[in-house]
Amino acid sequence: MDQCAVDELYEAFAVLAGSDPDHCSYPKGYMKRQAVFACNTCVQSGMDPAGVCLACANTCHDGHDICELYTKRNFRCDCGNEKFPGFTCKLHADKEGQNVKNSYNHNYFGRFCSCDRPYPDEDDQVNEEMIQCIVCEDWFHEKHLQAPAVDCEALMEMICARCMTRAPFLWTYADHFAVSPVNKEGLCKEQTDAGVMSDEKGKCFHTSVHDVSSASLCSQPEETSGAAGRMSSPDPVTDLQLSKATQCVLNELKAKDAARARAGSVFWPYFWRAKLCTCTDCKRMYVKTGVPFLLDESDTLLAHEEKAKAETLTSEDLLLSCISSLNHVQQLEIIHQYNELKHELREFLQQSADQRQDITPEAFREFLEELQTRKRRRLN
């Protein structure tokens, strides 16, 4: 199994790790971001779209035709509400008729992209990977982006052409910060001058026009994020960010705009949200165009995955705290069994990935039963 496949597998687990696999997420309300699934068995074409949380997909809809939608923002679990006639949620039955703040698209019927096709598509022999728009959260084939995809570790977000049209002010920011056809030529010149930087993992990424510290930009709170990416030499746009409480950064950027073609999808480096203006007029505009979440840097999929990974890493600390009252021999025995379980689980996941097999609830139960059987043999 190559390292790329391993990385993709752990990225998928990072997404799911942010969701509770045992308890329905409905009592938590409209969650900022969670893994969402559609049940094609319960909700079919012609019915109102609906989505369920990870726990309900595993328990209430076990054995059903489930479509994974990755993550969605501000979503509340629909399982068992009036969109599921005659069906009651097994984990949390007391639910309102509908979740009126939920937003749906054709993904909930297993269709994606502007071509409105399923994924995987039986009629498409290539089945290329899809890229998610951070605004509408639909998934797109690269060939339908109306722009060439940009392959770079630092380019974490994409906004599709339709959403760029829906929020036209974004084109101004694209002229200055995005890596896309609208500023590709100018950006390449700046990259030649600024060079190529490496992050702590040794991955190369191209600097933006302003050679700022992306990590520091992403780690700052909203009120100061624009001023966090200071550089050693003066920068006119960064200086504007320092005083954006009293000045509109967007208007200043518009004054610097050049006549460029504005069409197609746009790719953004992960620090770009910190550059958005936070003056009162712009905040109202974000709400009017339906994109106020752009000011929340924790809204990003990268932030969700990192949070999930951090929470997962604390499991060893939790284990140690739970066995602290045991004697040394008992502690070693439990730690040994814990590590053995992790090893067996890793082998199971890698074998499934190598054989290109989906990990179904039935397959996972068989894995656990086989583990239990082997344990009994050892004890006997």
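Side chains are part of it too, since the values below use all heavy atoms of this structure and drop only hydrogens, waters and symmetry mates. Owing to the predicted nature of the structure, the values given are computational and were not obtained by experimental measurement.
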query: Hey, are Arg33 and Asp296 close enough for a salt bridge, meaning a charged N less than 4.0 Å from a carboxylate O?
result: no
- line: Rounded to the nearest 0.5 Å, the CG atom of Leu54 sits from the CD atom of Glu68 at a distance of 9.0 Å
Contact summary for Cys42 and Met47, nearest pair of heavy atoms: O-CE, 3.5 Å
Any Met285 side-chain heavy atom under 4.5 Å of Phe169 side chain: yes
- prompt: Can any side-chain N or O of Thr360 pair as donor or acceptor with the backbone N or O of Ala363 at less than 3.5 Å?
  reply: yes
message: If we ignore hydrogens and angles and just use 3.5 Å, is the side chain of Asp20 paired with the main-chain N or O of Asp22 as donor and acceptor?
response: yes
message: If I take atom CG from residue Leu69 and atom CD from residue Gln132, how far apart are they, to the nearest 0.5 angstrom?
response: 9.5 Å
query: Can you find a pair of side-chain heavy atoms, one from Leu295 and one from Phe293, that are under 4.5 Å apart?
result: no
query: Just by distance, do the side chain of Thr41 and the backbone of Asp65 share a donor-acceptor pair under 3.5 Å?
result: yes
message: To the closest 0.5 Å, what do you measure between CD (Glu142) and CD1 (Ile131)?
response: 5.5 Å
task: Any chance you could lay out the side chain to side chain contact (heavy atoms under 4.5 Å, CB included) test for Asp175 and Leu253, step after step, and finish with the verdict?
output: CA-CA 9 Å; Asp175 289 339; Leu253 292 177; over 6 Å; no
message: Please tell me whether Val291 and Tyr30 are part of a single hydrophobic cluster in this structure, the criterion being side-chain heavy atoms less than 4.5 Å apart.
response: no
- prompt: With side chains defined as the heavy atoms from C-beta onward, is the minimum distance between Leu91 and Tyr26 less than 4.5 Å?
  reply: no
message: Are more than 12 heavy atoms, taken from residues, nucleotides or ligands other than Glu96, located less than 6.0 Å from that residue's CD atom?
response: no
message: Applying side chain to side chain contact (heavy atoms under 4.5 Å, CB included) to Phe109 and Asn40, what does each step give before you reach the verdict?
response: CA-CA 7 Å; Phe109 293 109; Asn40 298 325; 5.8 Å; no
- line: d(Ser114 OG, Arg162 CZ) to nearest 0.5 Å is 8.0 Å
task: Over all heavy atoms of both residues, which pair between Ile134 and Arg73 is shortest? Give the atoms and the distance, please.
output: O-NH2, 2.6 Å
message: Check this for me: does any side-chain nitrogen of one of Asp78 and Lys95 sit under 4.0 Å from a carboxylate oxygen of the other?
response: no
task: Give a yes/no verdict on a cation-pi contact between Arg117 and Phe112, requiring under 6.0 Å between NZ or CZ and the six-membered ring centre and an angle within 45° of the axis.
output: no
task: Please name the pair of heavy atoms, one in Asn107 and one in Glu137, separated by the smallest distance, quoted to 0.1 Å.
output: OD1-O, 3.3 Å
query: What heavy-atom pair brings Cys77 and Cys53 nearest, and what distance separates the two atoms?
result: SG-N, 3.4 Å
query: Is the number of heavy atoms from other residues, nucleotides or ligands under 6.0 Å of Asp358 CG greater than 12?
result: no
field: From CA spacing to verdict: ring-ring contact (aromatic ring centres under 6.0 Å, His included), Phe87, His61
entry: CA-CA 10 Å; Phe87 188 90; His61 302 269; 4.9 Å; yes
- prompt: Quick one: do the Ser298 and Lys32 side chains pair a donor with an acceptor below 3.5 Å?
  reply: yes
- request: Taking all heavy atoms of Cys67 and all of Gly110, pick out the closest pair and write down the distance.
  value: SG-CA, 4.0 Å
task: Determine, step by step, whether Asn102 and Lys72 satisfy the side chain to side chain donor-acceptor pair (under 3.5 Å) criterion, reporting the C-alpha distance in whole Å, the side-chain angles of both residues, the deciding distance to 0.1 Å, and the verdict.
output: CA-CA 10 Å; Asn102 280 357; Lys72 300 290 185 182; over 6 Å; no
task: Report, as yes or no, whether the 6.0 Å neighbourhood of atom CZ on Arg365 holds more than 12 heavy atoms from other residues, nucleotides or ligands.
output: yes
message: Quick one, Cys160 with Met158, criterion side chain to side chain contact (heavy atoms under 4.5 Å, CB included). Give me CA distance, side-chain angles, the key distance, then yes/no.
response: CA-CA 6 Å; Cys160 69; Met158 182 274 290; 4.3 Å; yes
query: For the side chain of Ser265 and the backbone of Leu145, is there at least one donor-acceptor N/O pair under 3.5 Å apart?
result: yes
task: Kindly indicate, with the supporting measurements, whether the criterion side chain to side chain donor-acceptor pair (under 3.5 Å) is fulfilled by Asp124 and His141.
output: CA-CA 11 Å; Asp124 187 351; His141 299 101; 4.7 Å; no
- request: Mind checking the CG-CG spacing from Asp116 to Asp138? Nearest 0.5 Å is all I need.
  value: 9.0 Å
task: Evaluate the side-chain proximity of Trp139 to Cys113: yes if any heavy-atom separation is below 4.5 Å, no if none is.
output: no
field: Flag side-chain contact, heavy atom, 4.5 Å: Glu344 against Leu371
entry: yes
task: Indicate yes or no: at least one non-hydrogen side-chain atom of Phe37 is less than 4.5 angstrom from one of His64.
output: no
query: With under 30° as parallel and over 60° as perpendicular, where do the rings of Phe364 and Phe367 fit, or are they tilted in between?
result: tilted
- prompt: Is Asp62 reaching over with its side chain to a backbone N or O of Ala57, donor-acceptor style, under 3.5 angstrom?
  reply: no
- prompt: Testing Thr289, Leu170, Thr300 for side-chain contact (heavy atoms from CB on, under 4.5 Å) with Leu294, which one passes?
  reply: Leu170
- request: Check the surroundings of atom CD in Gln355: do more than 12 heavy atoms from other residues, nucleotides or ligands lie under 6.0 Å from it?
  value: yes
message: Can you classify the ring geometry of Tyr108 versus Tyr104 as parallel (below 30°), tilted (30 to 60°) or perpendicular (above 60°)?
response: perpendicular
- request: For residues Tyr119 and Met130, determine if any side-chain heavy atom of one lies less than 4.5 Å from a side-chain heavy atom of the other.
  value: yes
query: Taking all atoms of both residues into account, what is the closest heavy-atom pair of Val52 and Phe84, and its distance?
result: CG1-CZ, 3.8 Å
message: Between Lys83 and Pro49 (side chain of the first, backbone of the second, donor and acceptor by atom type, cut-off under 3.5 Å), is there such a pair?
response: yes
query: Just how far is it from atom SG of Cys282 to atom CG of Leu250, taken to the nearest 0.5 Å?
result: 5.0 Å
field: Minimum side-chain heavy-atom gap Lys275-His176 below 4.5 Å
entry: no
Test log, rule side chain to side chain contact (heavy atoms under 4.5 Å, CB included), inputs Gln247 and Val249: CA-CA 6 Å; Gln247 298 184 35; Val249 175; over 6 Å; no
